[in-house]
A.B. asks: 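Sending over a structure as structure tokens; questions will come in a sec.
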Amino acid sequence: MNQVSPQPLDAHGRGLRNFTLYLASEMAAQAIAFGLAIYLARILGAHGFGLWVFAATIITYLAIVIDGGTETWGMREVGAHPERLKQTLISVVRLRLALCAATLLVIGVAAIFVSREQSAALLFGTSSLLVLVFNTNWAHRGLELAAPSLTTLIQRLVMAALVVVMVRSPSDAVHLIFWQGLSEGIAAVILLAMLAPRLKAGPEASD
């Protein structure tokens with residue numbers, strides 16, 4: 001009688017574990033974001049909070065342009081060919097750099113036609129766009145690793161800590177988008193550090 005291979009069970013167990021971690025961390029991250037929004041609305045007031053929302057909305061839209069479908073493509077490529085992790089990572093970063101250069105030009109032009117506060121907030125927001133170029137969230141998901149779910153929670157916790165320490169008055173609203181980018185950068189560094197052993201070890205480590 002043929003024995004049943006245990007690999008499907010291992011894959012199922014890993015998928016269940018990743019889903020559980022993702023759900024728990026996402027719920028916690030959303031709860032932190034909700035509480036943070038309430039705190040910022042009280043500290044910044046209508047004008048300051050509106051300034052942050054304005055900058056965050058523009059930056060979020062431009063982040064979609066920088067992604068340009070690379071996250072989905074990269075995740076599928078790594079999932080199907082984990083031995084090509086390094087090559088795929090280089091390709092994604094190169095394309096995102098080109099798209100980022102274009103979006104930075106757009107921000108530079110847009111800054112001319114908005115108020116000084118809005119212009120400053122947008123320029124500070126470029127930190128998030130630069131971080132996105134080197135974010136390896138997609139690679140971890142392609143390899144079915146649980147790191148992205150945990151780093152999302154870490155990013156929200158760091159953001160909350162920075163806000164509590166650095167944001168004390170409506171005048172701090174201009175810099176808020178920079179603190180957001182900094183927290184995203186810390187999360188991106190953690191993701192890249194966790195991926196580094198696989199990049200150094202070669203194809204066999206990605207199998």
Side-chain angles (χ1 to χ4, degrees), residues 21-22 24-40 43-44 48-49 51-72 74-75 78 89 92-104 106-107 110-111 118 120-143 145-167 172-196 199:
L21 284 173
Y22 174 80
S25 62
E26 186 65 22
M27 291 178 64
Q30 292 300 330
I32 293 171
F34 180 75
L36 197 58
I38 295 176
Y39 175 81
L40 287 172
I43 295 296
L44 298 179
F49 191 79
L51 177 62
W52 172 55
V53 171
F54 164 79
T57 300
I58 299 299
I59 294 301
T60 299
Y61 175 78
L62 292 177
I64 296 174
V65 176
I66 292 178
D67 174 71
T70 56
E71 180 165 353
T72 300
M75 186 168 58
V78 169
L89 178 60
V92 168
V93 170
R94 283 178 175 173
L95 180 55
R96 286 183 173 183
L97 275 174
L99 294 172
C100 184
T103 59
L104 292 179
V106 171
I107 288 179
Q118 291 174 329
L122 286 176
L123 293 176
F124 280 123
T126 57
S127 59
S128 290
L129 300 180
L130 293 172
V131 166
L132 177 60
V133 172
F134 302 98
N135 190 299
T136 56
N137 186 302
W138 55 270
H140 286 270
R141 294 191 183 280
L143 294 170
L145 302 176
S149 58
L150 297 178
T151 51
T152 297
L153 180 57
I154 291 173
Q155 184 268 322
R156 296 291 170 80
L157 288 171
V158 172
M159 175 65 175
L162 287 171
V163 165
V164 171
V165 174
M166 305 302 296
V167 181
D172 295 324
V174 173
H175 306 95
L176 179 55
I177 193 71
F178 174 76
W179 303 128
Q180 182 176 335
L182 179 60
S183 67
E184 293 167 352
I186 292 173
V189 168
I190 294 174
L191 285 172
L192 188 57
M194 296 177 72
L195 203 63
L199 293 171

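Hydrogens, waters and symmetry mates play no part in the numbers below; they use all other heavy atoms, side chains included. Numbering starts at 1 and runs along the sequence shown.
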A.B. asks: Looking at Val165, Val164, Val158, which hits side chain to side chain contact (heavy atoms under 4.5 Å, CB included) with Leu162?
C.D. replies: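 Exactly one option meets the side chain to side chain contact (heavy atoms under 4.5 Å, CB included) with Leu162, and it is Val158.
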A.B. asks: Counting C-beta onward and ignoring hydrogens, is there a side-chain heavy-atom pair between Leu62 and Ile66 closer than 4.5 Å?
C.D. replies: no
A.B. asks: Can you tell me how far OH of Tyr61 sits from OG1 of Thr103, rounded to the nearest 0.5 angstrom?
C.D. replies: 11.5 Å
A.B. asks: Testing the basics here: between Ala121 and Leu51, what is the closest heavy-atom pair and its distance to 0.1 Å?
C.D. replies: CB-CD1, 4.2 Å
A.B. asks: Please confirm whether the backbone N or O of Val92 pairs with a side-chain atom of Thr70, one donor and one acceptor, at under 3.5 Å?
C.D. replies: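 Not at all, since once roles are kept as given, no pair shorter than 3.5 Å links the two residues.
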A.B. asks: Rounded to the nearest 0.5 Å, what separates atom CD1 in Ile190 from atom CD in Gln155?
C.D. replies: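 Between Ile190 CD1 and Gln155 CD, I get 10.5 Å after rounding to 0.5 Å.
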A.B. asks: For residues 122-132, tabulate all N or O donor-acceptor pairs below 3.5 Å that involve a side-chain atom, not counting sequence neighbours.
C.D. replies:
{"unit_1": "Thr126", "atom_1": "OG1", "unit_2": "Leu123", "atom_2": "O", "d": "2.5"}
{"unit_1": "Ser127", "atom_1": "OG", "unit_2": "Phe124", "atom_2": "O", "d": "2.9"}
{"unit_1": "Ser128", "atom_1": "OG", "unit_2": "Glu184", "atom_2": "OE1", "d": "2.8"}

A.B. asks: Roughly how far apart are Ser183 OG and Ile154 CD1, rounded to 0.5 Å?
C.D. replies: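 Ser183 atom OG to Ile154 atom CD1 measures 11.5 Å (nearest 0.5 Å).
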A.B. asks: Restricting to non-hydrogen atoms, name the atom on Ser25 and the atom on Leu150 that form the minimum distance, rounded to 0.1 Å.
C.D. replies: OG-N, 4.3 Å
A.B. asks: Determine the minimum heavy-atom distance between Leu36 and Met159, stating which atoms define it.
C.D. replies: CD2-CG, 3.6 Å
A.B. asks: Should Tyr39 and Leu44 count as side-chain neighbours, where that means a heavy-atom distance under 4.5 Å?
C.D. replies: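 Tyr39 does not reach Leu44 side chain to side chain.
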A.B. asks: Working to the nearest 0.5 angstrom, can you tell me the gap between Leu99 CG and Arg94 CZ?
C.D. replies: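 CZ of Arg94 is found 14.5 Å from CG of Leu99.
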A.B. asks: For side chain to side chain contact (heavy atoms under 4.5 Å, CB included), just list the numbers for Trp138 and Leu89, CA-CA rounded to whole Å, side-chain angles, deciding distance to a tenth of an Å, and then say yes or no.
C.D. replies: CA-CA 10 Å; Trp138 55 270; Leu89 178 60; 3.6 Å; yes
A.B. asks: Just so I know, are the side chains of Leu143 and Leu195 near enough to count as touching, which here means a heavy-atom distance under 4.5 Å?
C.D. replies: yes
A.B. asks: Shortest non-hydrogen contact from Ala139 to Val78?
C.D. replies: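 Closest heavy-atom pair between Ala139 and Val78: O-CG1, 4.0 Å.
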A.B. asks: In Å and rounded to the nearest 0.5 Å, what is the CD1 to CD1 distance from Ile58 to Ile107?
C.D. replies: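 Between atom CD1 of Ile58 and atom CD1 of Ile107 there are 9.0 Å.
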A.B. asks: Does any N or O in the side chain of Thr72 come within less than 3.5 Å of the main-chain N or O of Gly69, such that one atom is a donor and the other an acceptor?
C.D. replies: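 Side chain of Thr72 to backbone of Gly69, a donor-acceptor pair under 3.5 Å: no, none is there.
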A.B. asks: Considering all heavy atoms of both residues, which atom of Arg156 and which atom of Ile32 are nearest to each other, and what is their separation?
C.D. replies: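 The pair with the smallest heavy-atom distance is O-CG2, 3.8 Å.
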A.B. asks: What I'd like to find out is whether the side chain of His140 reaches to under 4.5 Å of the side chain of Met194, using heavy atoms alone.
C.D. replies: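 Of all side-chain heavy-atom pairs linking Met194 with His140, at least one is under 4.5 Å.
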A.B. asks: Just how far is it from atom SG of Cys100 to atom CG of Asp67, taken to the nearest 0.5 Å?
C.D. replies: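 Reported to 0.5 Å precision, the distance equals 12.5 Å.
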A.B. asks: Where is the tightest heavy-atom contact between Met166 and Asp172, given as atom of each residue plus distance?
C.D. replies: O-OD2, 3.4 Å
